[in-house]
Participant: 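Have a look at the structure that comes next, please.
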Amino acid sequence: MASAKIAIIGGGNLGVAIAQGLVAAKQAKASDILITRRNLSKIQELTKAGFRLSSNNPEAVAGSRIVLLCVQPKQLVGVLDEIMPVLDSKKHVLVSTITGISISEIASHMKQPIAIVRAMPNTAVAVGQSMTCICAQNTSGRQLKSVQALFNALGKTLIIEERLMKAATVLAASGIAFFMRYVRAATQGGIQLGFDSEEAQLIAIQTAKGGASLLLELESHPEMEIDRVTTPEGCTISGLNEMEHQGFSSALIKGIISSFEKINNIRK
Ligand SMILES: NC(=O)c1ccc[n+]([C@@H]2O[C@H](COP(=O)([O-])OP(=O)(O)OC[C@H]3O[C@@H](n4cnc5c(N)ncnc54)[C@H](OP(=O)(O)O)[C@@H]3O)[C@@H](O)[C@H]2O)c1
C-alpha cells in the first residue's frame with residue numbers, strides 16, 4: 001500500500017464529509033486520503049473521485065501521518081486496540097472527532113505518549129462552513145497547527161480548553177439543529193403572511209446568512225445591528241418585544257443549558 005498522508009478511520013457521515021471538504025478546499029489530494037470502514041460497499045463510489053478505501057485500520061494508520069478517528073463512541077476502544085501496535089509517537093497525530101471521549105481516556109489506551117487532538121466540527125463541514133472547536137494534549141505547536149489548518153479549510157476553528165468541549169458540542173454541533181428550527185419557524189411565519197413555502201424559506205435563510213455575515217465580516221455586535229433596524233414605534237421593535245415577552249431569548253438559553261445538562265449525563 002502506497003503512503004496515505006491522512007487516514008480517516010470511520011467513513012460515515014462525518015468522516016466522508018471531512019474527506020470531501022478537504023479535497024474541495026484543495027487542502028489535500030483525494031489520493032492522499034485513505035478512508036476506512038468495515039462495510040466498504042456503502043462508500044465505493046468515492047473511489048471515482050480518487051479516494052483510497054480500506055477495511056484495514058492498522059495498514060491505513062501505518063501509511064499516514066494524521067489519523068482522524070470518526071467512529072461512534074462505542075466503536076472507539078476496538079479501533080484503538082487495533083491501531084495501537086502501529087502508532088508511532090514520532091510520526092502520528094491522532095485527531096478524535098468523537099463526542100464525549102476525553103483526551104486522557106484515549107491516552108489511557110496507549111502504550112506510548114501519542115499526540116492527541118480533539119476536534120468538534122459540525123455538519124456544515126459538508127459545505128466548508130463548519131465551526132470546529134479544537135483542544136490538544138501532548139502535541140507540539142507544529143502538530144496542532146497542521147490539524148488546525150485542516151479544519152480551517154472546512155470553516156472556522158477555535159482552540160479551546162478541553163473542559164469546554166461539551167459546551168462547544170452543544171453550541172456548535174447541536175447549534176445547527178437550533179438554528180434550523182429558527183429558520184423553519186421564520187418560514188412558517190412567512191407562509192402565514194402570504195409567501196409560498198419555498199419563497200418563505202429562501203427569504204428566511206438568506207436573511208439569516210446576511211445577519212451572520214454582518215457580524216462576521218463587519219465584526220459588528222448583534223445589539224448594534226438590532227438598533228439599526230428598529231425605528232421608534234416601528235414594526236421591528238414591536239415584533240421583537242413581543243418575541244421577548246413570549247420568552248424567545250429565554251427559551252434559547254434554557255434549551256442550550258438543557259442540552260448541556262443532558263450531554264453531561266449521557267452514559268457511554
Ligand atoms: N455528525 C456530526 O455532526 C458530528 C459532529 C461532531 C462529532 N461527531 C462524532 O463523529 C463520530 C462519527 O459520527 P457520524 O455521524 O459520522 O457516524 P456514522 O455515520 O455512524 O459513522 C461511523 C462510521 O464508522 C464506521 N466504523 C465502525 N466501526 C469501524 C471500525 N472498526 N473501523 C473502521 N470504521 C468503522 C462505520 O461504518 P461500518 O459500520 O461500515 O464499519 C460508520 O461508517 C461520532 O463519534 C460523533 O460523535 C459527529
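Small disclaimer: the values here were computed from a predicted structure and weren't measured. Every number for a ligand or one of its atoms is a count from 1 in the order of the listing.
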Participant: Which atoms of ligand 1 are found less than 4.0 Å from any heavy atom of G10?
Facilitator: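 Within the 4.0 Å cut-off of G10, ligand 1 contributes 23 (C), 24 (O), 25 (C), 34 (N).
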Participant: Can you check which of V16, T36, I176 brings a heavy atom nearest to atom 33 (C) of ligand 1?
Facilitator: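 Comparing heavy atoms across V16, T36, I176, the nearest one to atom 33 (C) of ligand 1 lies in T36.
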Participant: Out of all atoms in ligand 1, which are within 4.0 Å of some heavy atom of N57? Include the element for each.
Facilitator: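 Near N57, the atoms of ligand 1 are 30 (C), 31 (N), 32 (N), 33 (C).
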Participant: Who's closest to atom 38 (P) of ligand 1 heavy-atom-wise, of R38, R118, Q75?
Facilitator: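 Result: the heavy atom closest to atom 38 (P) of ligand 1 is in R38.
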Participant: Do any nitrogen or oxygen atoms of M120 come within less than 3.5 Å of a nitrogen or oxygen of ligand 1?
Facilitator: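 No, M120 has no N/O under 3.5 Å of an N/O on ligand 1.
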Participant: So is C70 in contact with ligand 1, going by heavy-atom distances below 4.0 Å?
Facilitator: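 Flag set, C70 near ligand 1.
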Participant: Number the atoms of ligand 1 from 1 as they appear, then name those within less than 4.0 Å of a heavy atom of G11, with their elements.
Facilitator: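 Counting from 1, the qualifying ligand atoms are 43 (O).
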Participant: Examine the side chains of T157 and Q148 and answer whether a donor and an acceptor come within less than 3.5 Å of each other.
Facilitator: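 Yes, Q148 and T157 have a side-chain donor paired with an acceptor closer than 3.5 Å.
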Participant: Just to confirm my output: which protein heavy-atom neighbour is closest to atom 7 (C) of ligand 1, and how far is it?
Facilitator: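 Atom 7 (C) of ligand 1 sits closest to the protein heavy atom T97 O, 3.0 Å.
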Participant: Under a 4.0 Å N-O cut-off, is there an ion pair linking R228 with E225?
Facilitator: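 E225 and R228: salt-bridged.
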Participant: Looking only at the side chains, is there a donor atom on one of Q143 and S140 sitting less than 3.5 Å from an acceptor on the other?
Facilitator: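 Indeed, the side chains of Q143 and S140 share at least one donor-acceptor pair under 3.5 Å.
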Participant: Only heavy atoms count here, so choose which of P121, S130, A173 is nearest to atom 6 (C) of ligand 1.
Facilitator: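 Of the listed residues, P121 has the closest heavy atom.
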Participant: Decide whether N39 and S41 meet the rule of one side-chain donor and one side-chain acceptor closer than 3.5 Å.
Facilitator: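 Yes, a side-chain donor-acceptor pair sits under 3.5 Å.
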Participant: Which atoms of ligand 1 are found less than 4.0 Å from any heavy atom of V79?
Facilitator: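 Those qualifying, in numeric order: 30 (C), 31 (N).
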Participant: Considering the options I18, V16, L22, which one meets the side chain to side chain contact (heavy atoms under 4.5 Å, CB included) requirement together with V125?
Facilitator: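 That would be I18; it is the only one of I18, V16, L22 passing the side chain to side chain contact (heavy atoms under 4.5 Å, CB included) with V125.
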Participant: Under a 3.5 Å threshold, yes or no: a donor from one side chain and an acceptor from the other, between Q246 and E242?
Facilitator: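 The answer is yes; a qualifying pair exists.
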Participant: Output yes when the distance from some N or O of ligand 1 to some N or O of I98 is under 3.5 Å, and no in every other case.
Facilitator: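 N/O-N/O distance below 3.5 Å does not exist for this pair.
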Participant: To which protein heavy atom is atom 19 (O) of ligand 1 closest, and what is the distance rounded to 0.1 Å?
Facilitator: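 Checked against all protein heavy atoms, atom 19 (O) of ligand 1 sits closest to N13 N, 3.0 Å.
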Participant: Quick one: nearest non-hydrogen protein atom to atom 2 (C) of ligand 1, plus distance?
Facilitator: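 Result: T123 CG2, 4.1 Å.
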Participant: Looking only at heavy atoms, which two atoms of G234 and I237 are closest? And how far apart?
Facilitator: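 Smallest heavy-atom distance, with atoms named: O-CG2, 3.4 Å.
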Participant: For ligand 1, which is the ligand I care about here, please tell me if N122 has any N or O atom under 3.5 Å from one of the ligand's N or O atoms.
Facilitator: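 It does not: no N or O of N122 is found under 3.5 Å from an N or O of ligand 1.
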Participant: Looking at every non-hydrogen atom in both residues, tell me the closest pair between L53 and L34 and how far apart they are.
Facilitator: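 Reported closest heavy-atom pair: C-CD2, 4.4 Å.
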Participant: So, S102 versus E162: side-chain donor-acceptor pair below 3.5 Å or not?
Facilitator: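 Looking only at side-chain atoms, E162 and S102 do not form any donor-acceptor pair under 3.5 Å.
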Participant: Identify the heavy atoms of V71 and I98 that sit nearest to each other, and give their distance.
Facilitator: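 The pair with the smallest heavy-atom distance is O-CG1, 3.3 Å.
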Participant: Which option out of R37, E82, K42, Q72 puts a heavy atom nearest to atom 36 (C) of ligand 1?
Facilitator: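 The nearest heavy atom belongs to R37.
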Participant: Please list the nearest protein heavy atom to atom 21 (O) of ligand 1 with its residue and the distance rounded to 0.1 Å.
Facilitator: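 The answer is G12 CA, 3.3 Å.
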Participant: Identify, by atom number and element, the atoms of ligand 1 in contact range of P73, meaning under 4.0 Å from any of its heavy atoms.
Facilitator: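 Those of ligand 1 that fall under 4.0 Å from P73 are 45 (O).
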Participant: Any nitrogen or oxygen of L14, side chain or backbone, less than 3.5 Å from one on ligand 1?
Facilitator: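 The answer is yes, given that L14 and ligand 1 share an N or O pair closer than 3.5 Å.
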Participant: Which residue from T99, L68, V71 reaches closest to atom 45 (O) of ligand 1 through any of its heavy atoms?
Facilitator: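 Heavy atom nearest to atom 45 (O) of ligand 1 belongs to V71.
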Participant: Can you give me the closest heavy-atom contact between N122 and Q129, atom names plus distance?
Facilitator: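 Heavy atoms of N122 and Q129 come nearest at OD1-O, 4.3 Å.
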Participant: If you look at every heavy atom in N138 and I114, which pair is closest and at what distance?
Facilitator: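 Result for this residue pair: ND2-O, 3.3 Å.
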